[in-house]
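What follows is a short report on a single structure.
This is a predicted model, so every value here is computed, not measured. For ligands, and for the atoms within them, numbers begin at 1 and follow the listed sequence.
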Amino acid sequence: MATSVRSAAAPRHLVPIPPASAGHVRGLARFGTRTGPRSARGLSMVVAESTRRRAKEGGGGDGVLWAPVLGGPGAELGDQLSVVMKFGGSSVSSAARMEEVAGLILAFPEERPVVVLSAMGKTTNLLLLAGEKAVGCGVIHVSEIEEWNTIKDLHIKTVEELGLQRSVIHDMLDELEQLLKGIAMMKELTLRTRDYLVSFGECMSTRIFAAYLNKIGVKARQYDAFDIGFITTDDFGNADVLEATYPAVAKRLHGDWIRDPAIPVVTGFLGKGWKSGAVTTLGRGGSDLTATTIGKALGLREIQVWKDVDGVLTCDPNIYPHAKTVPFLTFEEATELAYFGAQVLHPQSMRPAREGDIPVRVKNSYNPKAPGTLITKQREMDKVVLTSIVLKSNVTMLDIVSTRMLGQFGFLARVFAIFEDLGISVDCVATSEVSISVSLDPSKIWSRELIQQELDNVVEELEKIAIVHLLQQRAIISLIGNVQRSSLILEKAFHVLRKSGVNVQMISQGASKVNMSLIVHDSEAKACIKALHQAFFEDEDVLTQVETENLLVSIVHFSSQLPTE
Ligand SMILES: Nc1ncnc2c1ncn2[C@@H]1O[C@H](COP(=O)(O)OP(=O)(O)O)[C@@H](O)[C@H]1O
Ligand SMILES: N[C@@H](CC(=O)OP(=O)(O)O)C(=O)O
């Protein structure tokens, strides 16, 4: 595997400086343009143009001050690394986007960021598809795999458009092609090889970006997470970060920064298995977890995750486009939201932030002026009813009814022991004395779908002690909010669902007290989300309608109890 590239220092060094040091002003960089500076010269021009405007406006404009300082001659870098800025695949999908992101990073004069990057655009998916095709296509046809060519073209084009040398990624592309040929030769793609394969996405994006920062005069250093102490379990495809990671990562990043300050550009999503020593991945969307792990390791002030939406939204905008930004969330709410399927955050990513009590800010790299979502330990909940509605589709449910071979206590214990033995997590649970309904977590499997064989095994085992009904194509609708007001939330939700003619098949409230889950049929789920969103976030009158209806019911009830003459 390739080792870290230590980028050579560029001849001229720019660093954002606080407005107080305006004597050193070099210029301003602006937010909000879709295309950023194309070169060091381009950057200076943007900077100079904005400086003039700022001077005309009497200062305090919309930009940032720059000075030729970072790591350069006469450099003074007393400050410690202060924030993590993680940019997802959507934020770094092209050369233009990388320029934009560079401008963004540099537009925060007071920050000393650690940058975490995902693979460019859809590279991870393309690598997975290329790997699968390689298994069956034969070595001589590897070079024809469409996805491999798309990956190669995208990265070469990006390097060229950014004015970098092809050598930045040349070895990586070579190695990747060799790997695909190896897979074709072996005719198999193990989980371990698959992790190694997808790691090329992050390894290339970070090399390109660090080289670009150096080119525009901002000293940067690329790091592969698996080389700097990201130690994980050996669960390829979904590895857990181990405690040893924190001191190791802190020592390496902090040590390098003290010795020779340069913006660290770290691969998201990747780690190193503690037993195997092989490259592991942290589950899809795992770069968020990389970012929060670094934040905790270094005790940073803030963790920023930059996406292509204005923060965490009231529902998935792909399901219902009128979703609104949620300005504040607690770590608990964000965890439930992610766990129950909101793609915007990795389910495990809040844990390090919560443990280190470091605020997480979700921002839009396409719209940096939008305030985004701030996630903290606590927030004012008095006025909060519902925060967000999350949908998890294609869920499998099991209704398990005891054959009474075991007492109630033994029955529940046995059922969960079967899940544990087969390594299957459950999402929602509802129990009665002799029956239990569970929904199974599809996300532990890479493809986010349970494999039929696994399901057959579970059913076979459970049938030894119970009658089992397998219900597929179900959906979990999770209502994340203030469960202190659960009666109000459920009343309103059931009112909406009844009006829509939807029958709720199971309901479950988590112990975390921020989530209530309703299970409905998959085919009805999207319409439910739309109706619920309109009721909770758009239609002020619905509550009044519910209250009026209830009032009428009470009046009828009361009057029916009045003594008749
Ligand atoms: N509740 C939600 N709030 C915001 N985005 C959501 C939500 N649910 C789903 N999404 C989707 O998540 C996407 C952002 O997550 P992701 O693709 O992982 O971003 P990135 O690749 O930039 O890290 C958005 O483009 C949006 O389509
Ligand atoms: N590239 C990986 C890791 C990741 O976090 O990506 P993103 O930040 O684009 O969701 C994936 O696609 O899963």
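When all heavy atoms of Leu300 and Ile358 are compared, the pair lying nearest together is O-CG2, 3.4 Å. Between Ser517 and Ser478 the shortest heavy-atom distance is OG-OG, 3.2 Å. Closest approach of Phe340 to Cys428, counting heavy atoms only: CE2-SG, 3.8 Å.
Ion pairing between a basic and an acidic side chain is recognised when a charged N comes within 4.0 Å of a carboxylate O; Glu177 and Lys152 show no such pairing. Lys307 and Asp288 are joined by a salt bridge, as a carboxylate oxygen and a charged side-chain nitrogen come within less than 4.0 angstrom of each other. With salt bridges taken as basic N to acidic carboxylate O contacts below 4.0 Å, none links Lys392 and Asp316.
Residue contacts with ligand 2: Gly268 is excluded, as none of its non-hydrogen atoms falls under 4.0 Å. For Gly89, the heavy-atom gap to ligand 1 drops under 4.0 angstrom. Using a 4.0 angstrom heavy-atom cutoff, His346 does not count as in contact with ligand 2. Ligand 1 is approached by Gly311 to a heavy-atom distance shorter than 4.0 Å.
In this structure, atom 22 (O) of ligand 1 lies nearest to the protein heavy atom Ser90 OG, 2.7 Å. Among all protein heavy atoms, the one lying closest to atom 4 (C) of ligand 2 is Ser287 OG, 3.4 Å. Given atom 12 (O) of ligand 2, the protein heavy atom at minimum distance is Arg284 NH2, 3.0 Å. Of the protein's non-hydrogen atoms, Lys307 CD, 3.4 Å is the one closest to atom 19 (O) of ligand 1. For atom 6 (O) of ligand 2, the closest non-hydrogen atom on the protein side is Ser118 OG, 3.4 Å. Counting only heavy atoms of the protein, atom 18 (O) of ligand 1 lies nearest to Gln343 O, 3.6 Å. Of all protein heavy atoms, the one closest to atom 5 (N) of ligand 1 is Val344 CB, 3.4 Å. With hydrogens left out, the protein atom closest to atom 10 (O) of ligand 2 is Gly285 CA, 3.7 Å, a heavy atom. At the shortest separation from atom 3 (N) of ligand 1 among protein heavy atoms lies Leu313 N, 2.8 Å.
Under a 3.5 Å cut-off, the side chain of Ser388 and the backbone N or O of Thr314 do form a donor-acceptor pair. Not a single donor-acceptor pair under 3.5 Å links the side chain of Glu202 to the backbone N or O of Ser118. No donor-acceptor distance shorter than 3.5 angstrom exists from the side chain of Asp195 to the backbone of Phe236, with no hydrogens or angles considered. In this structure, the side chain of Arg379 engages the main chain of Phe328 through a donor-acceptor pair within 3.5 Å.
Between Arg284 and Thr124, the side chains place no donor N or O within less than 3.5 Å of an acceptor N or O (distance only, hydrogens not considered). Defined by atom type and a distance below 3.5 Å, a donor-acceptor pair is present between the side-chain atoms of Tyr223 and Asp256.
Note: no N/O pair closer than 3.5 Å links Asp288 and ligand 1 by distance alone. At least one N or O atom of Lys86 sits closer than 3.5 Å to an N or O atom of ligand 1. Where the criterion is an N or O separation shorter than 3.5 Å, residue side chain and backbone included, Asn318 meets it with respect to ligand 1. At under 3.5 Å, not a single nitrogen or oxygen of Pro317, backbone or side chain, sits near a nitrogen or oxygen of ligand 1.
Atoms of ligand 2 found under 4.0 Å from any heavy atom of Glu202, numbered from 1 in the order shown, are 1 (N), 2 (C), 3 (C). Ligand-side atoms of ligand 1 in range of Val312: 3 (N), range being under 4.0 angstrom from any heavy atom. Close approach to Gly89 involves these atoms of ligand 2, each under 4.0 Å from a residue heavy atom: 7 (P), 8 (O), 9 (O).
Around atom CD of Gln484, no more than 12 heavy atoms belonging to other residues, nucleotides or ligands sit under 6.0 Å away.
Counting heavy atoms under 4.0 Å from ligand 2, residue Lys86 touches it through the side chain alone.
The residue among Thr124, Asp308, Asp316, Ile319 with a heavy atom at the shortest distance from atom 24 (C) of ligand 1 is Asp308.
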